[in-house]
Amino acid sequence: MRSRNPVFSRRGFSRDNGYAGFNTAPQAGGPAVATQGNPYAQPTGNPYAQNPYAQNPYAQQQDLQYGAPPQAPATTGRMTIDDVVLRTASTLGVLILTAALSWALLPVDDANISRSYGIGIGAALIGMVLAFVQSFKRKASPALILTYAAFEGVFLGVVSNIVDNRIADGAAMQAVIGTMAVFAGVLIAYKAGWIRVNRRFYGFVMAAALGFILLMTVNLLFAVFGGGDGLGFRSGALGVVFGVIGIILGACFLALDFKQVEDGIAYGAPREEAWLAAFGLTLTLVWIYLEFLRLLSILNSSD
């Protein structure tokens, strides 16, 4: 069963045939993946002995129902890389806009920091709820995704302003540059074939992410109820180590996102699925940015 956690969930476009096509393969011309249970794998005998679209989640059901010859998914109305880029840019644009507005309109001086921080935390909680709602929905809701981006941007603007002005001068821009560098590096590595996203890779990343989040949750509980830095996972040398691990996990999530986009296009996913790709990419980029911001805060406090 696929996870519905907005952090863990990387909704594959192959529906019930496995995560992001790990159990199946895309249409001709798509990325090569494992052939076990592959609805497109050619038998050793007659290459036309089986219906290559019998298990395609986006095959034309009416054709199969009335016995018509199966057709490949039509180009019209199908997801393309341009759709993903446009919707991701829209989502990130809303996030950046609200982050800039919250930075400018919510001061973090001694007289206003409590109010601004409270608004930021409230926006983060609302964004978390919206992310969970979208993760449980079967279809993408553009309005819901853009609203999530707006509230998440308010939170990021407040937190970035606090860190940049009170902890580490210039940390926000450094975190942005670091996030962009990770995105570009993972994209290049993925397209070059240096990163192979398969079932083993997915299982390792999910296990590592689950352990990471559990440790951070325990550390937060100790900090809230015991005071101080909790177990020290977010401060000092140990905090730096966990900050680097968090960034590496974010890079792995990006590879999973790229795999989803690639398989979605190859399978002929509906155009609205591009909003899910944009949603997943936005979640991952926010994760990486926050890890960079936290890491820079720790390094600055150690100076």
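Both backbone and side-chain heavy atoms feed into the values below; hydrogens, waters and symmetry mates do not. Since the structure is predicted, the reported quantities are computational estimates derived from the model, not experimental observations.
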- Full working for side-chain hydrogen bond (donor to acceptor under 3.5 Å, both in side chains) between S297 and N300: CA-CA 5 Å; S297 300; N300 185 80; over 6 Å; no
- Task: Would you check, one step at a time, whether the test side chain to side chain contact (heavy atoms under 4.5 Å, CB included) holds for L220 with M216?
- Result: CA-CA 6 Å; L220 177 62; M216 295 306 101; over 6 Å; no
- Message: For a side chain to side chain contact (heavy atoms under 4.5 Å, CB included) check, start with the C-alpha distance between Q134 and L130, then their side-chain angles and the critical distance, and finish with the verdict.
- Response: CA-CA 6 Å; Q134 176 56 66; L130 293 176; over 6 Å; no
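When side chains are defined from C-beta on, F279 counts as touching S135, because their heavy atoms get closer than 4.5 Å. Contact of the V182 side chain with the E291 side chain is not registered, since no non-hydrogen atoms from C-beta on lie closer than 4.5 Å. Residues Y190 and V197 form a side-chain contact, since some pair of their non-hydrogen atoms from C-beta on lies under 4.5 Å apart. Inter-residue side-chain proximity for R78 and P270 is flagged as met; some heavy-atom pair is nearer than 4.5 Å. Under the 4.5 Å side-chain criterion, counting only non-hydrogen atoms from C-beta, I288 is in contact with L254. Side-chain contact check for D83 versus V85: every heavy-atom pair is 4.5 Å or farther apart. E273 has its side chain within reach of L276: a pair of non-hydrogen atoms, C-beta onward, lies under 4.5 Å apart. Side-chain contact between N112 and L106 is absent, with no heavy atoms from C-beta onward closer than 4.5 Å.
Rounding to the nearest 0.5 angstrom, the gap separating the CG atom in L249 from the OG1 atom in T284 is 11.0 Å. A distance of 6.0 Å separates CD of Q260 from CG of D257, quoted to the nearest 0.5 Å. Atoms CG and CG, from L214 and N219 in turn, are 12.5 Å apart once rounded to the nearest 0.5 Å. We find the CZ-CZ distance between R200 and F204 to be 11.5 Å, quoted to the nearest 0.5 Å. Here CD1 of I167 is found 12.5 Å from CG of L299. Values are rounded to the nearest 0.5 Å. With rounding to the nearest 0.5 angstrom, the CG atom of L95 is 5.5 Å from the CG atom of L156.
Y148 pairs with exactly one of V94, V129, L283 by the side chain to side chain contact (heavy atoms under 4.5 Å, CB included) rule, that one being L283.
Between F212 and F242, the angle of the ring planes lies from 30° to 60°, which puts this pair in the tilted group.
Legend: residues meeting salt bridge (charged side-chain N to carboxylate O under 4.0 Å, His left out) with E152, ordered by chain and number and at least two apart, are absent.
V159 and L101 are not part of a single hydrophobic cluster, where members link through side-chain heavy atoms under 4.5 Å apart. Tracing side-chain contacts under 4.5 Å through hydrophobic residues (I, L, V, M, F, W, Y), one reaches L256 starting from L187; they form part of the same cluster. Cluster annotation: W287 is connected to L285 through the hydrophobic network of ILVMFWY side chains, with a link wherever side-chain heavy atoms come within less than 4.5 Å. Two different hydrophobic clusters hold V84 and I188 under the rule that ILVMFWY side chains link at heavy-atom gaps under 4.5 Å. Under a hydrophobic-cluster definition in which Ile, Leu, Val, Met, Phe, Trp and Tyr are linked whenever side-chain heavy atoms come within less than 4.5 Å, directly or via other members, L92 and L86 are assigned to different clusters.
Taking each heavy atom of W275 and A140 in turn, the nearest pair found is CB-CB, 3.7 Å. Of all non-hydrogen atoms in S116 and V158, the two that sit nearest each other are O-CG1, 3.5 Å. Scanning all heavy atoms of the two residues, the minimum distance from L296 to A175 falls at CD1-N, 3.8 Å. The two residues G243 and L295 have their closest heavy-atom pair at CA-CD1, 4.5 Å. Listed here is the closest heavy atom pair of A274 and R87: CB-CD, 3.4 Å. In plain terms, the two heavy atoms of F155 and G120 that are nearest each other are CD1-O, 3.3 Å.
Salt-bridge annotation for D110 and R166: present, with a side-chain N of the basic residue lying under 4.0 Å from a carboxylate O of the acidic one.
When ring centroids are compared, F183 and F258 come within the 6.0 Å threshold.
For F292, the CZ atom is densely surrounded, since the number of other residues' heavy atoms within 6.0 Å is greater than 12.
There is no side-chain donor-acceptor pair under 3.5 Å between N161 and D164.
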